[in-house]
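For reference, the structure is listed below as structure tokens.
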Amino acid sequence: MATKIRLTRLGDKKSPFYRIVVADSRTPRDGAAIATLGTFDPLVEKDGIKVDKDAALDWIAKGALPTDTARSVLVKAGVLEPKPYKAKANAKPATPKAKKKEKKG
């Protein structure tokens, strides 16, 4: 069973509130959850994220993969480390824009 750590939406229209849950990847967004890890309130700047750090790390150790949004919330909560920036291997260094060729005629 592939499990994901993701957000389920609660709250009224235009006032979202989320639970951070562990769920089977095949269930709907607001479907049955295996475990609840915490809450996330995007409308509150301070203390808007409450997460059980030990439970989250335990589920990650068991193989649960956080979605991109859930990962960013867990990074803000201090549960996970941010992903290091990795430059592309074939990236070319930035060069100034070439001058436009004048049209003959």
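All values derive from a computational prediction rather than experimental measurement.
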Problem set entry | CA sep, side-chain torsions, deciding dist, call: R9, R19, side-chain contact (heavy atoms from CB on, under 4.5 Å) | CA-CA 7 Å; R9 186 185 160 114; R19 280 190 191 140; over 6 Å; no
Could you tell me the separation between the [atom1] atom of [X] and the [atom2] atom of [Y], rounded to the nearest 0.5 Å?
| X | Y | atom1 | atom2 | result |
| --- | --- | --- | --- | --- |
| T67 | R6 | OG1 | CZ | 8.5 Å |
| W59 | T3 | CH2 | OG1 | 6.0 Å |
| L57 | K62 | CG | NZ | 12.0 Å |
| R71 | K76 | CZ | NZ | 13.5 Å |
| I20 | L74 | CD1 | CG | 5.5 Å |
| D30 | L7 | CG | CG | 10.5 Å |

For this session: Count the heavy atoms belonging to other residues, nucleotides or ligands that lie under 6.0 Å from NZ of K83, then report whether that count exceeds 12.
Result: no
For this session: Tell me whether V73 is reachable from L80 by hopping between hydrophobic residues (I, L, V, M, F, W, Y) whose side-chain heavy atoms are closer than 4.5 Å.
Result: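 Same cluster.
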Exercise. Do the side chains of V75 and V21 join up, straight or via other hydrophobic residues, at under 4.5 Å, putting them in one cluster?
Worked result: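 Result: no, two separate clusters.
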Exercise. What are the two closest heavy atoms between P66 and A70, and how far apart are they?
Worked result: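 In terms of heavy atoms, the two residues are closest at CB-CB, 4.3 Å.
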Under 3.5 Å, sequence neighbours excluded: what are the donor-acceptor pairs made by side chains of residues 31-52?
| residue | atom | partner | partner atom | Å |
| --- | --- | --- | --- | --- |
| D41 | OD1 | L43 | N | 3.2 |

For this session: Please tell me if the side chains of L65 and I5 come closer than 4.5 Å, counting only heavy atoms from C-beta onward.
Result: no
